[in-house]
Novice: 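The structure that follows is given in the form of structure tokens.
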Amino acid sequence: MSRVSPVSAPKIFRSEEELAQMPASERIRWRLVQADRRYHANDNISAFMREGELEELKAEVQAKLQEVLQALVIDTVSDHNTKETAKRVAKMYLEEVFRGRYVPMPAVTEFPNAERLNELMIVGPITVRSACSHHMCPIFGRVWIGILPNEHSNLIGLSKYARIADWIMSRPQIQEEAVTMLANELQARVRPDGLGIVMEADHFCMHWRGVKDTESAMVNSVMRGAFLKDANLRREFLSLLPRRKG
Ligand SMILES: [Zn+2]
């Protein structure tokens, strides 16, 4: 079996036959490298995956997690609690908590701003869950989105904001990058005059390890367009958010 180094996969030709024999992760990585595409923890790679490969990845991850348990010297044969752990965690990663890397963006219908709405609109709090890319520890948070539409803006249904946020957050993330990614996606889709996003989150790598600080929440914001230029608008948006804790 041919092996491609995960660190610097070279650009080389591979026949369909060769590709079929590779583990799915190497096959997908090969396509990404050929296309010069980044595949960081918070990148979506769904365009480089084919039908059935998510299942293949799940089996691969399960086998590797089994090795991790072995390396931790955990007896997964007699310990009934850990017998299925590798399988459960692989499923949780691929189908739930990191799903936003492997599936395309949820379908969002945009409709023209027929009513020519031009008032500040606030969506939130949207509950989001993520994991930090540094420790893969959970992040639980709330997001508020402020939109100032103009007559050329496309509007999207309220529930779609939550769907897009979930798709972006369900990846190993860094909070600052996550809010920027969400802002870019909404900016491209809605094309408002102003866009503001505030995210407040609890990072479990602060609670579970390290300093074990149980009080700290991290707050991030991104302001674009009118929210950046107009201090009154920004103040109005921030004042309309329910009192955040901390
Ligand atoms: Zn962390």
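Counting convention: from 1, in listed order, for ligands and their atoms alike. Atoms considered below: every heavy atom in the structure, side chains included; atoms not considered: hydrogens, waters and symmetry mates. Keep in mind the model is a prediction, meaning the values are calculated, not measured.
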Novice: Is a donor from one side chain sitting under 3.5 angstrom from an acceptor on the other, for Asn220 and Glu176?
Specialist: no
Novice: Looking at Gln66, Lys83, Gln70, which hits side chain to side chain donor-acceptor pair (under 3.5 Å) with Thr76?
Specialist: Gln66
Novice: If waters are left out, how many protein N/O/S atoms lie within less than 2.8 Å of the Zn ion (ligand 1)?
Specialist: 3
Novice: Do Lys58 and Glu95 meet the salt-bridge criterion of a basic N to acidic O distance under 4.0 Å?
Specialist: yes
Novice: Which pair of heavy atoms, one from Tyr161 and one from Met121, lies closest together, and at what distance?
Specialist: OH-CE, 3.7 Å
Novice: Quick one: salt bridge (Lys or Arg N to Asp or Glu O under 4.0 Å) partners of Arg235, sequence neighbours excluded?
Specialist: none
Novice: Have a look at Met181 and tell me which of Asn44, Ile168, Ile164, Leu186 forms a side chain to side chain contact (heavy atoms under 4.5 Å, CB included) with it.
Specialist: Ile168
